[in-house]
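Here, residue 1 is the first one in the sequence, and each next residue gets the next number. For the numbers below, each heavy atom of this structure counts, side chains included, while hydrogens, waters and symmetry mates do not.
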Amino acid sequence: MNKTWLSLSLLSILLAAGCSISSKPNGQSSPPPAPAPTPVTTTPAAEMIFLQKTDLNGDGKLETVSLTGSDKSDPKQAMSFAKQTIQIEKEGSQQTIEIESEPMGTPMDLTAVDLTGDSKKELVYRMSMGNSKGTVKLYLYTSDADGTYKEMVVKSKHDPDFRLKLLDNRNYELTDPDLGKVWMLKMEEEKIKQTGNPNMTGDKLTIGQPYEWSWTDADQDGHLDLLSKRAVWIKTDTNRLFTIQTIFKWDGQAWISQSYTVQPEPNVQILR
């Protein structure tokens, strides 16, 4: 049999079987191709928003309190973080508090202040929600016996169900039936036109979420109180009639609402 024909036949069989022919010496085959590199994904570093050193527990040693933001929801907005974290660092230990909010708002301030009068500072974080109503969310944290911070509870015992009734001309009677409170309001013509209904009797008054939070000794009893301000309007939040300011006191377990006052908007007077 012709040797050339045998060699060609053998070559054809090898190729049909999917075998590769190596040009390397001693019958060595070519190494398999290197695997494609695995894409490296990196998490953007958290950006520092607030940073302060303060003695939180009155032991004379400073702790570092910081607020960081990461995962920007809108790269064009400097403070649009989808994740915000408070960190407390002291003597080699660190505690992390993840801020939970949907949607996430814009940081306003982070303050360490002794609200409860126990010589230990609470952490107060205020966040602007960026809506047309100017809503501000409040986060309060206090430390327990071992120094671990936990969120404080704020409770409202009474949410007024205001009623408005036209008396004559531009004078209105405002009542809170549950508490038996009565006010006399007088509105300027411009304000009445904005509401779209000079009568307004029976129109539902809407109480918005707090647009301001602060703390002060409101009743001069030697203890700090929380204060919230909420706008009250008819139909749309642009038709604000007045603001209610509510005082909250700490009872050892939660901040409980105590009383509120009515503060008129421009073009609205409280006669009594």
Under the 3.5 angstrom rule, does the side chain of [X] hit a backbone N or O of [Y] as a donor-acceptor pair?
| X | Y | answer |
| --- | --- | --- |
| Arg126 | Trp213 | yes |
| Asn239 | Trp233 | no |
| Glu98 | Thr96 | no |
| Gln209 | Thr135 | no |
| Gln84 | Gly105 | yes |
| Gln52 | Leu110 | yes |

My understanding is that only residues two or more places apart in sequence, or in another chain, count here; which of them pass salt bridge (charged side-chain N to carboxylate O under 4.0 Å, His left out) with Glu173?
none

Should [X] and [Y] be counted in the same cluster of Ile, Leu, Val, Met, Phe, Trp and Tyr side chains packed under 4.5 Å apart?
| X | Y | result |
| --- | --- | --- |
| Tyr211 | Leu227 | no |
| Leu166 | Val262 | yes |
| Leu51 | Val124 | no |

Pairs touching residues 175-184 that satisfy side chain to side chain donor-acceptor pair (under 3.5 Å), sequence neighbours left out:
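Of all non-adjacent pairs touching residues 175-184, those that pass side chain to side chain donor-acceptor pair (under 3.5 Å) are His158-Asp176, Asp176-Tyr260.
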
Side-chain heavy atoms of [X] within contact of [Y], under 4.5 Å:
| X | Y | value |
| --- | --- | --- |
| Thr64 | Ile88 | no |
| Leu185 | Phe242 | yes |
| Leu138 | Pro210 | no |
| Ser101 | Met129 | yes |
| His223 | Trp250 | no |
| Leu241 | Val232 | no |
| Thr142 | Leu115 | no |

Looking only at non-hydrogen atoms, find the nearest pair between [X] and [Y] and report the distance.
| X | Y | value |
| --- | --- | --- |
| Ile99 | Met104 | O-CE, 3.6 Å |
| Thr116 | Met152 | CG2-CE, 3.9 Å |
| Met108 | Phe50 | O-CZ, 3.2 Å |
| Ile49 | Gly69 | CD1-N, 3.7 Å |
| Asp225 | Ala218 | OD2-N, 2.9 Å |
| Pro160 | Ile207 | O-CD1, 3.2 Å |

With side chain to side chain contact (heavy atoms under 4.5 Å, CB included) as the criterion, how do Thr246 and Phe248 come out once you've worked through the C-alpha distance, each side chain's angles and the decisive distance to 0.1 Å?
CA-CA 7 Å; Thr246 305; Phe248 295 81; 3.7 Å; yes

Take Gln263 and Thr243 through the test side chain to side chain donor-acceptor pair (under 3.5 Å) and record every step on the way to the result.
CA-CA 5 Å; Gln263 303 173 343; Thr243 290; 5.4 Å; no

Would Glu122 and Asp114 count as a side chain to side chain contact (heavy atoms under 4.5 Å, CB included) here? Give the steps.
CA-CA 5 Å; Glu122 279 67 46; Asp114 180 11; 3.7 Å; yes

Using 0.5 Å steps for rounding, measure from the OG atom of Ser70 to the NZ atom of Lys83.
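It comes to 5.0 Å.
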
To the nearest 0.5 Å, tell me how far Thr68 OG1 sits from Glu47 CD.
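That separation rounds to 9.5 Å.
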
Give a yes or no on whether Glu100 atom CD has more than 12 heavy-atom contacts from other residues, nucleotides or ligands under 6.0 Å away.
no

Should we count CD of Gln253 as having more than 12 external heavy atoms under 6.0 Å?
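Counting other residues, nucleotides and ligands, CD of Gln253 stays at 12 neighbours or fewer.
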
Derivation and outcome, side chain to side chain contact (heavy atoms under 4.5 Å, CB included), residues Leu226 and Ile247:
CA-CA 6 Å; Leu226 285 180; Ile247 296 175; over 6 Å; no

Set of side chain to side chain donor-acceptor pair (under 3.5 Å) partners for Thr261, sequence neighbours left out
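With neighbours one apart ignored, the set is empty.
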
Can you name the side chain to side chain donor-acceptor pair (under 3.5 Å) partners of Thr206, sequence neighbours left out?
none

Can a cation-pi geometry be assigned to Arg230 and Phe162, taking NZ or CZ under 6.0 Å from the six-membered ring centre and within 45° of the ring axis?
no

Side-chain ion pair, Lys249 and Asp251, N-O less than 4.0 Å
no

Report the residues that fulfil ring-ring contact (aromatic ring centres under 6.0 Å, His included) with Tyr149, sequence neighbours left out, ordered by chain and then residue number.
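Expected list: none.
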
Taking distance alone, no hydrogens or angles, what donor-acceptor pairs closer than 3.5 Å link side-chain atoms of residues 54-63 to residues at least two apart or in another chain?
unit_1	atom_1	unit_2	atom_2	d
Thr54	OG1	Lys121	NZ	2.7
Asp55	OD1	Asn57	N	3.4
Asp55	OD1	Gly58	N	3.0
Asp55	OD1	Asp59	N	3.3
Asp55	OD2	Asp59	N	3.4
Asp55	OD2	Gly60	N	2.8
Asn57	OD1	Asp59	N	3.2
Asp59	OD1	Lys61	N	2.9
Lys61	NZ	Glu91	OE2	2.7
Glu63	OE1	Leu56	N	2.8

